[in-house]
Amino acid sequence: MEKGNLSINSENILPIIKKWLYSDSDIFIRELVSNATDAITKLKKLVDMGEASNIAKDEKYEIHVELDEKNKTIRVMDNGIGMNGEEIKQYINQIAFSGASDFVSKYGDKLGKEGEIIGHFGLGFYSAFMVADKVQIDTLSYRDGETAAMWLCDGGIEYEMGESTRDTRGTTVTLYVSEESKDFLDEYKIKGILKKYCSFIPVEIYFDVIKDEPEVASEEVIEENSTDEIPQATPINNTTPLWAKQPSECTDEEYKEFYHNLFSDFNEPLFWIHLNMDYPFRLKGILYFPKLKHELESIEGQVKLYNNQVFIADNIKEVIPEFLLLLKGALDCPDLPLNVSRSFLQNDGYVTKMSSYITKKVADKLNSLFKKDRETFNKYWDDISPFIKYGCIKEKDFYEKIKSSIVFKTTVGDYVTLEEFTTRNKEKTADKVFYVSNEQQQAQYIKMFKDEGMEAVILTTNLDNPFISYLESYEHSVHFNRIDSDISSTLKDTEEETDESKAVNESLQNLFTSNLNNENLKVNIEGLKTQSISAVMLLSEQSRRMQEMSKMFGGGLSPDMFKAEETIVLNKNNSLVKALLEIRDDENKKDDVKMICEQIYDLAMISHKPLSTEAMTEFIERSNKILEKIVTK
């Protein structure tokens, strides 16, 4: 047995690798399977180039991951290129010397752009020591006449080398799992790790579990259960993920099936974007627009990042624009290293170009759908609008690309662009865009608008408030106002002001001010065209936005900083308001007057915002009293 020392400068290198090289200990599976994939990829390339004439062109290549819980071992086996003793010394004993780099430098001019070797950094093999006390390699080179070699190391700087009993081409890496990592001997844990990292490795992977030998059954039982059929093992991975194909080769059903399998989501995606780019960088992938059950679900997107079909991580915002993380999908970026780091990504020029390219492709897809199939685009809008609004707020470049395709649902029931809305409402609302934030609560205001042939846009999500502020900052001619922030002149009677009307207005103002005892409340009198409404409550748009800003800061701002500037507008055309004027001076009905003023106030407030618990209790009690008075007259 030959013995020697690893060619490293520090005796602590393996403990450092074990503790700091990777953040997740389960990464060792990815690294070892990736190395096995490289070994097969190298051999296949040599065969294609005529450099390995002893290997059949139709050779079947595969990787086996074997779990033996009883003997506390995990094996990763391949039938790839293999190594001899000298190559072990070069690629294993000299830590961080990349066999992949050496292979590429030797055959790079013959590989072409498809000649991808996954590992480019040379430390992946040593991730095995994250979970193993001892690691053994048994390998046989593809070359004729080579002797199988064995390498053994217990995690220090010493190793042993000698001949191996392996008699087939390829490499077996055996991990003797440590006591502290024994949870990796669980069959379902290993299967889960393989599914996470290796679902799309381009070589078939088989997961084998070594079970204890069962007791020998009697001859009768053996004969009874005998069968001529031998169960065939099936690979656990899909070697040709959908993104690896050309978009023209994929059907809608295949896109949907891939989505269901990748995300275990049985809902149908709305639509998707198939990315396929070779220059100036290589990028393939599919981004799905999922159907949302509710607004908050939009934060649960998941974009998986791969390197040559090897999983790297979820939702890396340095590569994927942050707003696209609301989507679901898979991106394969061969130019990124497997051991991707934040600092590398933040300083890599390709990453910036990738992010810009992805943003452009998403905008192009949305604009194309808007122009070519407006009906379908409108149908999808409620689901995709949170993503688009968030994207506009986060990236001005995305907003500039998509702004002409942004639509708004209206109280009429259709979907229009901002330009379309302002054009058809210009005569009645000028440059104001009225909006509804709660259709049920603001139903009274919506009815007032409809009665006069007016409309508003519907903005009911949490994103809408910052979104309309964002729009106003770029579209200076447009101003958004909630439907209860102002009374449009279109909703009012046009009458000449007289001394008599001034007296009526003043009388009503004094009556409500004295009975409501609310010094912060403003009382205005208007003659509204809609006679059935006694009063409406208004809050200026500026005051509302300041209050909402306060809420965004979690109550960190003083509530006194943004006092409510609420105004109750009494409709002097309403019969109840008119009747109130007639009894205002009747001392016998003083209590009734106060009760009616309070009731009118609460009715106006209910259409404006929810009543407090105390106010709602008083409103119900007062409503019962009013009903009692009616029936006992």
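Below, all heavy atoms of this structure are taken into account, side chains as well, without hydrogens, waters or symmetry copies. The chain is numbered in sequence order, starting from 1.
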Enquirer: Which residues satisfy the side-chain hydrogen bond (donor to acceptor under 3.5 Å, both in side chains) test with Lys361, sequence neighbours excluded?
Expert: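 By the side-chain hydrogen bond (donor to acceptor under 3.5 Å, both in side chains) rule, Lys361 matches no residue at all.
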Enquirer: Applying side-chain contact (heavy atoms from CB on, under 4.5 Å), can you list everything that pairs with Asn465, at least two apart in sequence or on another chain?
Expert: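 Residues passing side-chain contact (heavy atoms from CB on, under 4.5 Å) with Asn465: Tyr435, Glu548.
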Enquirer: Phe421: what forms a ring-ring contact (aromatic ring centres under 6.0 Å, His included) with it, not counting sequence neighbours?
Expert: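 Testing Phe421 for ring-ring contact (aromatic ring centres under 6.0 Å, His included), a comparison that skips the adjacent residues, returns none.
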Enquirer: With Asp332, which residues qualify under side-chain contact (heavy atoms from CB on, under 4.5 Å), at least two apart?
Expert: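 Partners of Asp332 by the side-chain contact (heavy atoms from CB on, under 4.5 Å) criterion, ordered by chain and then number, come out as Trp243, Tyr306, Gln309, Pro334.
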Enquirer: Can you check whether Phe512 and Tyr601 have ring centres sitting under 6.0 Å from each other?
Expert: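 Distance test on ring centres: not under 6.0 Å, no.
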Enquirer: Could you tabulate the donor-acceptor pairs under 3.5 Å formed by side-chain atoms of residues 188-197, not counting sequence neighbours?
Expert:
from   : atom 1 : to    : atom 2 : distance (Å)
Tyr197 : OH     : Asp26 : OD1    : 3.0

Enquirer: Please enumerate all residues that pass salt bridge (Lys or Arg N to Asp or Glu O under 4.0 Å) together with Glu420, with sequence neighbours excluded.
Expert: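 For Glu420 the salt bridge (Lys or Arg N to Asp or Glu O under 4.0 Å) partners, ignoring immediate neighbours, are Arg374.
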Enquirer: Can you pull the salt bridge (charged side-chain N to carboxylate O under 4.0 Å, His left out) pairs that have at least one residue in residues 520-538, sequence neighbours excluded?
Expert: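 The answer is Glu452-Lys529, Lys492-Glu526.
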Enquirer: Mind jotting down which residue pairs meet the salt bridge (charged side-chain N to carboxylate O under 4.0 Å, His left out) criterion with at least one end in residues 590-601? Sequence neighbours excluded, please.
Expert: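 Residue pairs passing salt bridge (charged side-chain N to carboxylate O under 4.0 Å, His left out), neighbours aside: Asp592-Lys629, Lys594-Glu598, Glu598-Arg622.
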Enquirer: Quick one, Tyr470 with Tyr399, criterion ring pair (Phe, Tyr, Trp, His ring centres under 6.0 Å). Give me CA distance, side-chain angles, the key distance, then yes/no.
Expert: CA-CA 10 Å; Tyr470 180 87; Tyr399 169 69; 5.4 Å; yes
Enquirer: Just to verify, what does Asn237 make a side-chain hydrogen bond (donor to acceptor under 3.5 Å, both in side chains) with, not counting sequence neighbours?
Expert: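 None.
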Enquirer: Any non-hydrogen side-chain atom of Leu366 less than 4.5 Å from a side-chain atom of Ile384?
Expert: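 Yes, side chains in contact.
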Enquirer: What residues, two or more places apart in sequence or in another chain, satisfy side-chain contact (heavy atoms from CB on, under 4.5 Å) together with Ser507?
Expert: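 side-chain contact (heavy atoms from CB on, under 4.5 Å) list for Ser507, sorted by chain: Leu581, Arg584.
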Enquirer: For Asp382, which residues count as a side-chain hydrogen bond (donor to acceptor under 3.5 Å, both in side chains) partner, sequence neighbours excluded?
Expert: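 With neighbours one apart ignored, the set is Tyr415.
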Enquirer: Could you list the residues that satisfy side-chain contact (heavy atoms from CB on, under 4.5 Å) with Met277, not counting sequence neighbours?
Expert: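 For Met277 the side-chain contact (heavy atoms from CB on, under 4.5 Å) partners, ignoring immediate neighbours, are Pro280, Phe281, Tyr357.
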